[in-house]
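Read the structure below first, then the notes.
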Amino acid sequence: MSLRSFLFGSVASYASVVVYYMVTDKKALPESSSKLESASKSILTHGIPDRGPNIQVYDNHVLSYDQAKKTPIWVAERITREHVNGPADRKNIRFKPDPDVPTRFSADNSDYLRSGWSRGHMSPAGDNKYSQEAMSQSFYLSNIVPQNLDNNAGFWNRLEIYCRDLTQRYNAVTIFSGPLSLPSPIEDGKLVVTYPVIGKNQVAVPTHLYKIIIVEDKNSKPIGIGSFIVPNKPIGFEHALTEYQVPLDEVERKTGVTFTPKLDTSGLRDLCEIDSCKLMQKGDFDSYFIGRRLKSANNRQTLEKAWKELDAKKITPTQYHIDVYKQKMEEFKNNERNKSEE
DNA sequence: CGGTAGTCCGTG
DNA sequence: CACGGACTACCG
């Protein structure tokens, strides 16, 4: 164990004790720490067993990591319009093990490669458009879980886009995301938990993913909350987000996590009542990522190709499509002209 | 936006 | 010769 992770773990667990102490018994803190001190001399004479840092902090997300499953337990963000807009892009970033996770407790890329499961961000890259560094940190495998590819690129992607869209209507959006391994019935009706593990590090493949969304008004006061548990499998456009809505309490019981100890969430409105909870539908979604492809085209050929997709999918070009196409085409023509002048 | 995979090429 | 990084092509 590194000194750094020891200190980090100690500080973090001290912090959580403090929170607990504030909301419960004022004597809890001194008593429990002196008990531990005493146990360290009687029972835990070889040291206090260490599950790693309780909390790990990055530029734009915070997470708690599971050293056994090699995935996060929860990942927290609090995003605004400023975070989700900017020049940062994923082009030159690669997934990599988190330098702050000990190698023997970490996944690596080979675990995911040809495993049949994709690398799904919990704090999405797109929530870090303001900072290339923050976006790079989101590609640490501590922020990644094995996710069905279609789910990742489809339903979950649309949920993430919805969260970013919320920043246009609310001051800030707090999001907790993570994996779940939920029980399912076997022949005799009994419940069992089973999940695959992938790669030499046996990264746990979750059966479900959860997302908790809290929105704030102009005064940064929390006003709405929505909690969702989504199966880790393909989910088509015929399914609405609200089908997967659950009470916060359900996510907390299943994760064992109290997400907002300082916030009485019973005072909050249902997010899906104050906002739509409507995800992008097929036509808009196709249109959206064709727009992204136009935007990221770096030569005339790929630009033309993306443009032709609009016709192939019978999508009427939006003004955005047209503007991006024209601007890019102009840029490429200038490049060609400059080259021929050399 | 969210991803995978094939190919080329340098390295130990 | 196997492996890993970089670059390209591709898909929903």
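Below, chain A is the first sequence line, B the second, and so on; all start at residue 1. What you see below is based on every heavy atom in this structure, not just the backbone, and it leaves out hydrogens, waters and symmetry mates.
- No engagement by A/G154 is indicated, since no non-hydrogen atom pair under 4.0 Å with the nucleic acid exists.
- Using a 4.0 Å cutoff on non-hydrogen atoms, the parts of residues 289-300 of chain A near DNA chain C are A/F289, A/R293, ordered by number.
- One finds a salt bridge joining A/D249 and A/R253 here, because a Lys/Arg side-chain nitrogen approaches an Asp/Glu carboxylate oxygen to under 4.0 Å.
- Aromatic ring centres of A/F228 and A/Y162: separated by at least 6.0 Å.
- What separates CG of A/N109 from C1' of C/dC3 is a distance of 14 Å, to the nearest Å.
- Straight-line distance from the CG atom of A/N152 to the P atom of C/dC11: 18 Å, rounded to whole Å.
- Using a 4.5 Å cut-off on side-chain heavy atoms (C-beta onward), A/F237 and A/F155 make no contact.
- Rounded to whole angstrom, the span from the CZ atom of A/R94 across to the P atom of C/dC3 amounts to 20 Å.
- Distance CG (A/N85) to P (B/dC1): 11 Å, rounded to an integer number of Å.
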Grab the N/O contacts between the protein and nucleotides 8-12 of chain B below 3.5 Å, and write none if there aren't any.
none

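- The side chain of A/K129 lies closest to B/dC1, out of C/dG12, B/dC1, B/dT4.
- Checked against a 6.0 Å centroid threshold, the rings of A/H208 and A/Y244 do not count as neighbours.
- Among the nucleotides B/dG3, B/dC1, C/dC10, the one closest to any side-chain atom of A/K305 is C/dC10.
- Which of B/dT4, B/dC1, B/dG3 sits closest to the side chain of A/R119 comes down to B/dT4.
- Whole-Å rounding puts the A/R114 CZ to C/dC3 P distance at 11 Å.
- Using modelled atom types, one side-chain atom of A/T255 and one backbone atom of A/V251 make a donor-acceptor pair closer than 3.5 Å.
- Between A/E238 atom CD and C/dG12 atom C1' there is a gap of 14 Å when expressed in whole angstrom units.
- In this structure, CH2 of A/W117 is placed 19 Å from C1' of B/dA5, rounded to the nearest angstrom.
- Taking 4.0 Å as the cut-off between side-chain N and carboxylate O, A/K254 and A/E250 count as a salt-bridged pair.
- Side-chain nitrogen and oxygen atoms of A/R90 include at least one within less than 4.0 Å of the OP1 or OP2 phosphate oxygen of B/dG2.
- Look at CZ on A/F95: it is 7 Å from C1' on B/dG3, rounded to the nearest Å.
- In this structure, CG in A/L294 is found 11.0 Å from CG in A/D323, a value given to the nearest 0.5 Å.
- When the nearest nucleotides of DNA chain C are assigned to A/S110 and A/A153 by heavy-atom distance, the more 5′-ward of the two goes with A/S110.
- At a threshold of 4.0 Å, the pair A/R293-A/E309 counts as salt-bridged, since one of the basic side-chain nitrogens sits closer than that to a carboxylate oxygen.
- Heavy-atom distances to DNA chain C give each of A/N92 and A/K313 a nearest nucleotide, and the one nearer the 5′ end belongs to A/N92.
- Between A/N157 and B/dC1, a side-chain N or O to OP1/OP2 separation shorter than 4.0 Å is absent.
- Within 4.0 Å (heavy atoms only), A/Q147 reaches no atom of the nucleic acid at all.
- One finds a side-chain N or O of A/H121 lying less than 4.0 angstrom from the OP1 or OP2 phosphate oxygen of B/dG3.
- Under 4.0 Å is where a charged nitrogen must lie from a carboxylate oxygen, and between A/K200 and A/D108 at least one such pair does.
- Checking side-chain atoms of A/T45 against main-chain N and O of A/S42 turns up no donor-acceptor pair under 3.5 Å.
- The side chain of A/R164 has B/dG2 as its nearest neighbour among B/dG3, C/dC10, B/dG2.
- In this structure, A/I161 reaches neither bases nor backbone, as no heavy-atom distance under 4.0 Å exists between it and the strands shown.
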